[in-house]
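Values reported hereafter were calculated over all heavy atoms of this structure, with side chains retained and with hydrogens, waters and symmetry mates removed. Just so you know, these numbers come straight off a predicted model, no measurement behind them.
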Amino acid sequence: MLTTMPSGRSFYQRSPERFAAEKEEFQRLVSELKWLAWKRGYTQGQIASELGVSLITVKNWWTGHSLTAKRESVERLKTFLSAH
């Protein structure tokens with residue numbers, strides 16, 4: 001059974017505009033991460049360890065197989081990029 005919100009829409013549905021904006025922001029963050037890794041010589045393993053995600057997750061981000069990420073991962077990524 002799906003939980004519905006007061007509007008009658010499924011709790012799990014997202015508006016296409018919101019999803020597109022999230023995807024665009026995430027792709028921008030990944031591009032910044034790639035640039036930082038190239039500039040500072042970070043490996044994907046070091047990035048995964050620093051962000052608290054698996055190496056496979058970082059590899060999927062790198063290759064574009066993952067167009068979005070969990071909210072916690074995006075927040076960690078933003079924090080990591082702002083610190084470097």
Side-chain angles (χ1 to χ4, degrees):
M1 184 173 135
L2 292 176
T3 305
T4 56
M5 295 180 1
S7 66
R9 294 184 63 193
S10 167
F11 180 73
Y12 300 102
Q13 291 175 332
R14 290 185 188 166
S15 68
E17 302 84 26
R18 179 175 166 216
F19 181 72
E22 288 175 2
K23 186 172 107 174
E24 186 177 308
E25 178 189 12
F26 180 68
Q27 292 303 308
R28 183 186 57 76
L29 291 171
V30 170
S31 293
E32 286 182 37
L33 183 63
K34 286 180 178 181
W35 182 82
L36 183 66
W38 174 78
K39 182 180 174 189
R40 302 239 176 128
Y42 294 137
T43 65
Q44 291 178 356
Q46 289 171 321
I47 292 168
S49 176
E50 187 73 29
L51 295 176
V53 298
S54 70
L55 177 59
I56 297 299
T57 298
V58 174
K59 286 182 182 283
N60 285 338
W61 293 352
W62 231 253
T63 59
H65 286 97
S66 199
L67 300 176
T68 59
K70 292 180 182 177
R71 208 168 271 169
E72 309 89 57
S73 299
V74 171
E75 291 303 319
R76 287 187 208 149
L77 181 53
K78 286 179 182 177
T79 303
F80 177 77
L81 289 171
S82 67
H84 292 87

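How far CH2 of Trp61 is from CD of Gln27: 11.0 Å, rounded to the nearest 0.5 Å. The CD1 atom of Ile47 sits 9.5 Å away from atom CD of Glu50, with the distance rounded to the nearest 0.5 Å.
Between Phe26 and Val74, the shortest heavy-atom distance links the atoms CD1-CG2, 4.0 Å. Closest approach of Leu55 and Gly45 over heavy atoms only: CD1-N, 3.6 Å.
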Enumerate, atom names and distances included, each donor-acceptor pair closer than 3.5 Å involving a side-chain atom of residues 33-41, sequence neighbours excluded.
| from | atom 1 | to | atom 2 | distance (Å) |
| --- | --- | --- | --- | --- |
| Lys34 | NZ | Trp62 | O | 2.8 |
| Arg40 | NH2 | His84 | O | 3.3 |

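A salt bridge does not link Glu24 with Arg28: every distance from a Lys NZ or Arg NE/NH1/NH2 to an Asp or Glu carboxylate oxygen is 4.0 Å or more.
Applying the side-chain contact (heavy atoms from CB on, under 4.5 Å) rule to Glu72 yields the partners Lys70, Arg76; only residues at least two apart in sequence or on another chain are considered. In this view, Thr43 and Gln46 satisfy the side-chain contact (heavy atoms from CB on, under 4.5 Å) rule, not counting sequence neighbours.
One hydrophobic cluster, built from ILVMFWY side chains closer than 4.5 Å, holds both Leu81 and Val58.
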